[in-house]
Amino acid sequence: MSDRIRLVVLFGGQSAEHEVSCTTAASVLRAADQSRYDVVPVGITREGRWVVAEDAVAALAAGAKALFPVGRAVDPLPAVLPAAGAAERTVVFPLLHGPLGEDGTVQGMLELAGVPYVGAGVLGSALSMDKGKAKEVCAAAGIPGPRWLLRRDGLVEEGFVDLVDAELGWPVFVKPSNMGSSVGVSKVKTPADLPAALDAAFAFDEWAIVEEAIDGRELECAVLGLLAPEASVVGEIIPKAEFYDYDDKYSGEGADLVIPADVPESVSAELRALALRAFDVLRADGFARVDFFYEEDGRGLLLNEINTIPGFTPYSMYPQLWAATGVPYPELIDRLVQLALERHDRRALRRRGRTEGS
C-alpha cells in the first residue's frame, strides 16, 4: 500500500451554506501537501448533481478565492470510491456545511461505501446538527445552556407569544433547528415580530428554536481527536454587527477574533472541559468547534452549539485556534486525515466481529 493518499474534498452542496462550503474547500486545497495527497475536488451543485471539479487546482493557482462545482458529471459512489487495484488509500473530507452534508446524510453514504472520512459519524453528525436534540442531550448530561423552546412548523399553538414572554422574556433569538452559519436567524425584540421570525426560520427547517438572548461574551474552543480528544486554547468573538451573523463570519471584515481570549485561567479550563464533555455526549469524532456564552456576573459558561464541520476559511476560528495552540493549518489537515483512517480501521475490525489485538 502506498503512503500517498487520495484525498477527496467534497464541497458545495444543496444547503443555504453552499457558498461557505466552496470557500472552505478552496482553503483546504491550497494548504494540502501535494506531495502527500492526490487531491480530488468533487463538487455538489445546488441541484444535487455531483461533478469532478478537475480545473479547481488550476483556478486556485490563478487566484480564485473559491471553488465552483463545475466539471465532469459523476455518480456519487464512483466519485468517492477508490479505483479497483489502487495502491493508495482514499479518504473523503466532507466540507458540506448544513443539511445534506453536515447532518449525517453524506456520512451514511460513506459508511455504506466503506470509505474513511473526516469528522463525526452518522449519529454524531445528525445529533449535533439538530440544535433542539443537541440541547436536550447536553441538558440531560448536565451541561449548562440558555433557556429555549422548540416548535414545529404548523404546530405553533395559540398563546405561544405569551409563553415566550413568560419563559424567556425579550429579546429572543429565533433559529432553524437544522442550519448553521447564522442562516435564517433573527433577533426578536418585541412580541409583534415573533411570527415573522418564525416564518423566516421555518423557511429553512421544519423545526425552529426560540432562545433567550444572552448578554454575555462569545467564547469558542476547537476540539480535535477520537478516543482522547484535545481542546485548543479559547478564543473570543467580538461581533461588529448586532450579533455574530453570516457577514461577520465570512466577509473577512466583520467580527474581531481574539485568540487567546482574555479570561481567567479557571474560566478557560472550565470551558475546555465542557467542550470536551459536549464533544463526547454528542458522539462527535475527529473535529468540532464548540461555542459558548459567558455571563461574567451571572450564570457563567453556557453552551451555545457544536459544529461538527467547522469553517476552514482564512477567517475561520477553528484553524486559527489550533494555530495558536501549536498546530499549523497543513498539520491540522494531516491529523484529520490520519484520524479518519484510524477510526475506519478500528470500526472495520469490529464489523468483522473482532477487536484490536485478537
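All residue numbers in this chain count up from 1 along the given sequence. Nothing here was measured: the structure is a model prediction, and the numbers come from that model. Values below: all heavy atoms of this structure, side chains included; hydrogens, waters and symmetry mates excluded.
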Exercise. Are Ser177 and Asp130 linked by a side-chain donor-acceptor pair shorter than 3.5 Å?
Worked result: yes
Problem set entry | Test: Arg343 cationic atom under 6.0 Å from Tyr117 six-membered ring centre, within 45° of axis | yes
For this session: Please indicate whether Asp153 has more than 12 foreign heavy atoms, meaning atoms of other residues, nucleotides or ligands, lying under 6.0 Å from its CG.
Result: yes
For this session: Ignoring hydrogens and angles, tell me if any N or O in the side chain of Ser125 forms a donor-acceptor pair with the backbone of Asp103 under 3.5 Å.
Result: no
Exercise. Given Ser27 and Tyr329, is the side chain to side chain contact (heavy atoms under 4.5 Å, CB included) satisfied, shown in steps?
Worked result: CA-CA 10 Å; Ser27 300; Tyr329 199 117; 3.3 Å; yes
For this session: Using modelled atom types only, decide if a donor and an acceptor are shared between the side chain of Glu167 and the backbone of Glu212 within a distance under 3.5 Å.
Result: no
Problem set entry | Least distance between heavy atoms, Arg272 atom then Cys221 atom | CG-SG, 4.1 Å
Exercise. Is it true that a side-chain atom of Asp205 and a backbone atom of Trp207 form a donor plus acceptor pair closer than 3.5 Å?
Worked result: yes
Could you give the side-chain donor-acceptor pairs of residues 223-235 under 3.5 Å, partners two or more places apart or in another chain?
{"residue": "Glu230", "atom": "OE2", "partner": "Arg335", "partner atom": "NH2", "Å": "2.6"}
{"residue": "Ser232", "atom": "OG", "partner": "Ala222", "partner atom": "N", "Å": "3.0"}
{"residue": "Ser232", "atom": "OG", "partner": "Ala222", "partner atom": "O", "Å": "3.4"}

Exercise. Can Glu211 and Lys135 be said to form a salt bridge (Lys or Arg N to Asp or Glu O under 4.0 Å), step by step?
Worked result: CA-CA 11 Å; Glu211 184 177 89; Lys135 287 177 181 295; 2.5 Å; yes
For this session: Output yes when a side-chain donor or acceptor of Ser316 lies under 3.5 Å from a complementary backbone atom of Tyr318, and no otherwise.
Result: no
Seminar exercise, completed: When every non-hydrogen atom of Ala275 is compared with those of Phe292, the smallest separation belongs to N-CZ, 3.7 Å
Seminar exercise, completed: Here the gap from Thr24 atom OG1 to His97 atom NE2, rounded to the nearest 0.5 Å, amounts to 3.0 Å
For this session: Hey, could you give me the CD/CG distance between Glu102 and Leu95, rounded to the nearest 0.5 Å?
Result: 10.0 Å
Exercise. Strictly by modelled atom types, are Asp334 and Tyr37 linked by a side-chain donor-acceptor pair under 3.5 Å?
Worked result: yes
Seminar exercise, completed: So CZ of Arg4 and CD of Gln34: to nearest 0.5 Å the spacing works out to 7.5 Å
For residues 40-67, which side-chain N or O atoms pair as donor and acceptor with protein atoms under 3.5 Å away, sequence neighbours left out?
{"residue": "Thr45", "atom": "OG1", "partner": "Glu47", "partner atom": "N", "Å": "3.3"}
{"residue": "Thr45", "atom": "OG1", "partner": "Glu47", "partner atom": "OE1", "Å": "3.4"}
{"residue": "Thr45", "atom": "OG1", "partner": "Gly48", "partner atom": "N", "Å": "3.3"}
{"residue": "Thr45", "atom": "OG1", "partner": "Arg49", "partner atom": "N", "Å": "3.0"}
{"residue": "Arg46", "atom": "NH2", "partner": "Glu19", "partner atom": "OE1", "Å": "3.3"}
{"residue": "Arg46", "atom": "NH2", "partner": "Glu19", "partner atom": "OE2", "Å": "2.3"}
{"residue": "Glu54", "atom": "OE2", "partner": "Arg72", "partner atom": "NE", "Å": "3.2"}
{"residue": "Glu54", "atom": "OE2", "partner": "Arg72", "partner atom": "NH2", "Å": "3.1"}

Exercise. Under a single-linkage rule joining Ile, Leu, Val, Met, Phe, Trp and Tyr whose side-chain heavy atoms are separated by less than 4.5 Å, which residues share a cluster with Leu123?
Worked result: none
Exercise. In the single-linkage hydrophobic clustering (I, L, V, M, F, W, Y; side-chain heavy atoms under 4.5 Å), do Val28 and Leu339 co-cluster?
Worked result: yes
Exercise. So, the side chain of Gln107 versus the backbone of Gly104: is there a donor-acceptor pair under 3.5 Å, distance only?
Worked result: yes
